[in-house]
Amino acid sequence: MIFRVRDKRLHRQLFGLTFENPVGLAAGFDKDAILFNELSSFGFGFIEIGTVTPVAQAGNPKPRLFRLPKDQSLINRMGFNNQGVESAVKRLKNRKTKLIIGGNIGKNKLTPNHNAIQDYIICFETLFDHVDYFVVNVSSPNTPGLRELQEKEPLTKLLNTLQDINSKKENRKPILLKIAPDLSNSELDDIIDIISDTKLDGLVACNTTIDRSDLATSNIELDLIGNGGLSGKALKIRSTEVIKYVHQKSNGKFPIIGVGGIHSAEDAIEKLEAGASLIQIYTGFVYEGPSIVKKINKGILKKL
Ligand SMILES: Cc1cc2nc3c(=O)[nH]c(=O)nc-3n(C[C@H](O)[C@H](O)[C@H](O)COP(=O)(O)O)c2cc1C
């Protein structure tokens, strides 16, 4: 009652699903599908669980998550810590909310890239009956070599394999691809072609960045923190750039979920105006608190 904004003008129809509003919780917050029932009370239009991998893994040693308050940003090198896909399914079976749930899938750290497809297949098949859409994550900077799967050949093979399995199902599920903000324009052109060729349902842009330019946080502090993916306000401009580029270059052929540095209604509207159909938040939820969801939805309504 406190956080939800109910208004038909916020509804969005995409990939055959009806979203109550366009504001979602990004992957990595409820990695193990433990909190989605409770989180649904905060007024989200959808929640993405994961990234899950076939087998449970501990992730990187702690500390692995750092605040950059001067930049209203975070650096994380969690490394896909999760209890494994079967464990997530156990809890998803106990779904008490009608909210749309996405499943973000990845590969185990110990699985070499030439066997990665198998990991994605296991996650896809195991989650299939328990989520409403899928996101193929090949863009985390914290699993060594993972981002190499964004290259044309391995990515086309991976997505074609999943689509083959998908098309044999009675009710296929939407599959989206999540990309890094560190891709060049020519790599983004490849991504647009691959989405077309593999008939994917859409794109999630973006994951965290390995770029450290233009930060208020000092180099000494950054060195102390070490490697990881940067999220939050410092990612905002680049993420909007990627969304705008892909939306324009593809003539808006597929929906984009815009994510990266949304800390206010204005930030969310910027992403929607750049070409995103839905948006997601993570770091903004951490810094601003749960009322951010309502503020964004009210801001979108005000702009109509
Ligand atoms: C601590 C943390 C863990 C994350 N884990 C995942 C993950 O498991 N899978 C994924 O696709 N993205 C993950 N992300 C990336 C977010 O989903 C999002 O793409 C990114 O943080 C940019 O959005 P933001 O600026 O609103 O945080 C993670 C982000 C953070 C801060």
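Because only heavy atoms are used, hydrogens play no part in the values below, and waters and symmetry mates are left out as well, while side chains stay in. First listed ligand is number 1; within each ligand, the first listed atom is number 1.
- No side-chain N or O of N37 forms a donor-acceptor pair with one of T97 less than 3.5 Å apart.
- Residue-level proximity to ligand 1 for N104 is carried by the side chain, the only part with a heavy atom below 4.0 angstrom.
- Ionic pairing of E241 and R238 is present here: one or more N-O contacts between side-chain nitrogen and carboxylate oxygen are shorter than 4.0 angstrom.
- Smallest separation of non-hydrogen atoms from S139 and N207: OG-ND2, 3.0 Å.
- One finds a salt bridge joining D189 and K249 here, because a Lys/Arg side-chain nitrogen approaches an Asp/Glu carboxylate oxygen to under 4.0 Å.
- Of the heavy atoms in L235, only side-chain atoms (C-beta onward) come closer than 4.0 Å to ligand 1.
- When heavy-atom distances to ligand 1 are checked against a 4.0 Å cut-off, K31 comes that close only through its side chain, counted from C-beta outward.
- Counting only non-hydrogen atoms, the option in V259, I105, D267 that gets closest to atom 18 (C) of ligand 1 is V259.
- With a heavy-atom cut-off of 4.0 Å, K178 touches ligand 1 through its side chain alone.
- When heavy-atom distances to ligand 1 are checked against a 4.0 Å cut-off, V204 has no atom that comes that close, whether in backbone or side chain.
- Using a distance-only test at 3.5 Å, with no hydrogens or angles considered, no donor-acceptor pair links the side chain of R147 to the main chain of G145.
- Judged purely by atom type and a 3.5 angstrom limit, R172 has no side-chain atom pairing as donor or acceptor with the backbone of S167.
- With a 4.0 Å heavy-atom cut-off, ligand 1 is reached by the backbone of C206 but not by any atom from C-beta on.
- Interface atoms of ligand 1 facing G261, defined by a heavy-atom separation under 4.0 Å, are 24 (P), 25 (O), 26 (O).
- With a 4.0 Å cut-off on non-hydrogen atoms, N76 touches ligand 1 through its side chain and not its backbone.
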